[in-house]
Amino acid sequence: MTPLTQGEVAPGVPGATVATHCPYCALQCAQTLTATPGGRLPVTVTGRDFPTNRGGMCQKGWTSPEVLRAADRVTTPLLRTADGGFREASWDEALDLVAGRIRSLQSESGHDAVAVFGGGGLTNEKAYALGKFARLALRTRLIDYNGRFCMSSAAAASNRALGMDRGLAFPLADLGGADAVLVLGSNMGVTMPPFVQHLAGVRERGGLVVVDPRETVTAKLAADGAGLHLAPVPGSDMVVLLAILHVVFAESLADEDYLARRVNGVDAVRRSVAQWWPERAESVTGVPAETLREVARLLAAASPARGGRGAYILTGRGVEQMAQGTDCVSAAINLALALGLVGRHGSGYGPVTGQGNGQGGREHGQKADQLPGYRSISDPAARAHVAAVWGVDPAVIPGPGVPAMQLLESLGTPGGPRALLVHGSNVVVSAPHATLVEERLRALDLLVVCDLVPSETALLADVILPVTQWAEEDGTMTNLEGRIIRRRAATAAPGEARSELWILRELARRLDCGALFSEDPEVMFDELARASAGGKADYSGVTYARLDAGEELFWPCPAAHASDPAHPGMGHPGTPRPFLESFPTPDGRAVMHAVNHRGPADDVRADAPIYLVTGRVLQHYQSGAQTRRVEELAQAQPEAFVEMHPLLADRLDLAGGDVAILTSTRGQALAPVRLTTDIRADTVFMPFHWAGEGSANRLTNNATDPTSSMPEFKVTAVQISAARVAAAAIESEGALR
Ligand SMILES: Nc1nc2c(c(=O)[nH]1)N[C@H]1C(S)=C(S)[C@@H](COP(=O)(O)OP(=O)(O)OC[C@H]3O[C@@H](n4cnc5c(=O)[nH]c(N)nc54)[C@H](O)[C@@H]3O)O[C@H]1N2
Ligand SMILES: Nc1nc2c(c(=O)[nH]1)N[C@H]1C(S)=C(S)[C@@H](COP(=O)(O)OP(=O)(O)OC[C@H]3O[C@@H](n4cnc5c(=O)[nH]c(N)nc54)[C@H](O)[C@@H]3O)O[C@H]1N2
Ligand code: SF4
Ligand SMILES: [Mo]
């Protein structure tokens with residue numbers, strides 16, 4: 001990789017090239033931006049060679065510059081007017097208003113009257129600054145973020161089993177050498193297309209196994225390549241995993257030597273999976289018992305203990321976004337541990353992180369219970385360390401807040417927060433039980449949304465503050481491998497848009513603590529690095545200079561001492577594979593947790609007999625706030641839809657293109673039917689990228705996982721009928737009157 005640094009040519013100069021990464025997902029494909037001042041778009045984009053994407057990008061990456069000049073991009077602060085519209089305002093007017101309202105609400109109702117909602121797309125610097133801003137400028141406990149909807153189950157399970165949550169604890173390219181890869185509930189063929197290159201070797205060797213109730217693009221990679229696609233009943237993956245582990249123990253396929261040396265809690269798990277023999281699992285999951293045995297044997301044969309080239313287990317949101325998501329990931333980790341895969345070169349477990357900075361965004365303090373460096377806000381030593389870096393008394397740092405869904409549900413309730421600041425999330429589209437969330441936002445005294453575009457959430461705000469986006473700013477991101485990478489500015493922001501770092505500093509100044517913040521990302525990064533020193537996610541050895549010199553740095557990367565015999569006089573090299581020698585647990589051993597199947601919180605029943613599963617399409621990103629504004633993407637996928645098997649459609653008297661009405665306990669959605677045989681006949685699929693009547697989240701369940709507080713986005717019981725049947729009923733009722 002040839003490092004191009006921003007300093008080579010000034011951004012905005014015609015032909016100047018800048019090395020950066022895609023604005024969207026956690027694969028963070030490397031891009032080269034070329035400035036085209038005076039052109040329709042300020043930059044053009046090409047893929048750049050990098051270990052994760054190898055020059056590739058998906059359609060979203062290729063079209064990313066379109067969002068820079070979205071027709072309705074917010075370019076000045078906007079204030080709500082008495083008639084319900086917005087008017088433009090100066091920064092001084094907008095910030096004075098926000099700071100004044102914060103002060104008065106807090107003087108009436110206490111510090112927790114103001115809450116903050118962050119995002120996993122924010123750079124490390126912004127995520128860090130936001131956490132610090134909440135604790136020191138607002139003195140509120142109440143901050144959480146959309147990563148709670150994304151990575152919290154995987155994070156909770158990794159933390160409790162492995163002592164640390166570093167996403168993939170290995171470089172992505174390691175997958176290339178494996179004999180087997182088990183993918184549970186991830187559709188990376190659609191959600192991270194360049195990722196698929198790393199599965200070429202395992203496909204060739206027939207070792208790719210994909211578990212998904214739909215035969216997705218990713219499942220087809222397995223089925224077409226002599227691998228396996230398992231399509232269990234939605235929400236039953238836990239049983240699939242318990243049964244595979246049952247076979248591993250029953251057929252003596254476990255790596256007993258590894259278990260004895262490196263793992264605690266094995267016996268309880270061994271006992272608990274005894275009840276899940278494959279035939280019993282088949283009756284719950286619908287996956288043939290013989291297939292479950294085959295998967296166990298395939299993984300074991302690939303494991304290093306049996307002389308295989310290695311095996312990996314990967315989880316995605318399909319098994320994590322469940323009310324038992326943490327336990328489900330624990331079951332996956334238990335299996336990986338039993339086979340001796342974790343902390344071994346060429347094998348491993350990892351969740352496939354989602355948002356651009358989904359990894360870094362969950363490390364530096366925008367989580368309710370967290371301080372920078374993945375520290376706990378309840379730990380006195382952590383508080384003392386961070387307070388010293390911040391130059392404050394530890395006592396001023398508030399205690400833990402509440403997780404995202406609880407926070408959103410409490411907005412505007414008696415005793416709940418009266419104001420919310422939103423940075424990098426479009427919750428009225430992306431949170432479960434979206435109509436409830438909208439109702440809560442409307443009950444606030446003050447809603448301030450920082451965004452690039454008038455997202456559906458921003459349109460509910462009292463104040464919209466325009467921010468810079470990826471190609472207009474510097475900073476760092478941490479990708480799905482725990483690799484810290486540089487985002488670099490290639491062009492200036494339009495109009496009055498400003499970086500969040502500037503906005504937070506200016507607001508802090510008005511709340512009498514401006515000196516604690518800087519708008520310079522490098523200054524904030526260096527401070528983050530010091531705050532993280534000694535924590536789990538230790539960035540203290542990372543600097544912009546090292547990243548700009550092209551060093552490949554994975555955390556933990558502590559500041560090396562000159563006397564460090566391992567790296568004399570040099571920076572710590574970083575840790576691509578953190579578990580090779582031991583686990584960062586008190587005794588250095590991993591911990592298995594005995595878990596059992598509970599099933600979906602909202603399971604199918606007579607009045608809601610069909611499973612709704614939700615997820616993504618290639619062309620749209622998340623709530624669609626950005627990608628629905630890119631013409632090429634909007635044309636390819638213009639509207640919400642519900643995917644169903646022709647057998648189910650027949651039963652419901654629906655044809656392709658007919659509008660279906662979906663009803664759950666939470667509400668209703670309307671969407672045209674798309675027929676496909678690539679889905680179970682008891683299950684329908686809806687992407688969640690659209691607002692309004694096609695919004696999947698009007699249906700989804702706000703029940704959450706007891707450990708991670710992850711909502712159950714993936715399985716909802718619904719009733720489905722044809723819109724024309726309902727229309728006819730209304731008509732005939734009218735005729736009767
Ligand atoms: N195009 C695109 N790419 C993206 C994103 C995007 O919005 N659009 N978002 C990014 C982010 S933040 C994330 S988190 C990742 C998500 O990446 P993925 O986890 O790959 O994406 P999803 O489509 O949410 O879910 C994956 C699969 O889970 C399946 N699933 C549903 N229910 C179940 C179940 O009960 N069991 C099993 N085994 N599978 C089930 C769905 O059918 C779906 O195919 O993608 C990232 N990349
Ligand atoms: N039904 C269902 N719902 C889901 C999921 C699912 O699978 N099914 N997946 C969940 C998951 S995994 C996720 S990650 C969430 C994501 O859902 P959201 O949190 O809504 O994520 P985005 O749509 O990316 O919203 C980001 C918003 O921030 C803006 N933005 C981008 N960059 C910046 C920035 O630097 N600063 C500021 N201030 N704003 C910025 C964008 O324009 C956009 O409006 O959705 C969750 N919701
Ligand atoms: S796979 Fe992800 S990072 Fe790569 S171009 Fe697509 S959206 Fe961007
Ligand atoms: Mo996500």
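Just so you know, ligand 1 is whichever comes first in the structure, and atom 1 is the first atom listed for that ligand. Just so you know, residue 1 is the first one in the sequence shown, and it goes up from there.
The option with the heavy atom closest to atom 32 (N) of ligand 1, from among Thr218, Val613, Val352, Thr216, is Val613. In this comparison of Gly615, Gly354, Ala231, the heavy atom closest to atom 46 (C) of ligand 1 sits on Gly354. Of the candidates Pro687, Pro232, Ser186, Pro213, Pro213 brings a heavy atom nearest to atom 40 (C) of ligand 1. Selection from Thr123, Val74, Leu452, Asn357 by nearest heavy atom to atom 33 (C) of ligand 2 gives Leu452.
When all heavy atoms of Ser152 and Met710 are compared, the pair lying nearest together is OG-CB, 3.4 Å.
At the shortest separation from atom 43 (C) of ligand 1 among protein heavy atoms lies Asp212 OD2, 3.3 Å. The single protein non-hydrogen atom nearest to atom 38 (N) of ligand 1 is Asp237 OD2, 2.6 Å, given as residue, atom name and distance. Protein heavy atom nearest atom 26 (C) of ligand 1, with residue, atom name and distance: Gly185 O, 3.3 Å. Nearest non-hydrogen protein atom to atom 19 (O) of ligand 1 is Arg317 N, 3.0 Å. Nearest protein neighbour of atom 18 (P) of ligand 2, counting heavy atoms only, is Ser430 OG, 3.3 Å. Of the protein's heavy atoms, Gly318 CA, 3.2 Å lies nearest to atom 28 (O) of ligand 1.
Looking at ligand 2, you won't find any N or O of Ala431 less than 3.5 Å from one of its N or O atoms. For the pair Asn146 and ligand 2, the shortest N or O to N or O distance falls below 3.5 Å. Considering backbone and side-chain atoms together, Arg616 places an N or O closer than 3.5 Å to an N or O of ligand 2. In terms of N/O distances under 3.5 Å, ligand 2 is approached by Asn426. At least one N or O atom of Arg214, backbone or side chain, sits closer than 3.5 Å to an N or O atom of ligand 1. Polar contact with ligand 2: absent for Gln355 (N/O pair, distance under 3.5 Å).
The closest approach between any non-hydrogen atom of Lys60 and ligand 1 is below 4.0 Å. The closest approach between a heavy atom of Thr627 and any atom of ligand 1 is not below 4.0 Å.
When heavy-atom distances to ligand 1 are checked against a 4.0 Å cut-off, Met151 has no atom that comes that close, whether in backbone or side chain.
Among residues two or more places apart in sequence or in another chain, the side-chain contact (heavy atoms from CB on, under 4.5 Å) test is passed with Thr614 by Leu612, Ala696, Thr700, Phe713, Lys714.
Of all protein N/O/S atoms, those under 2.8 Å from atom 2 (Fe) of ligand 3 are Cys25 SG, and waters are not counted.
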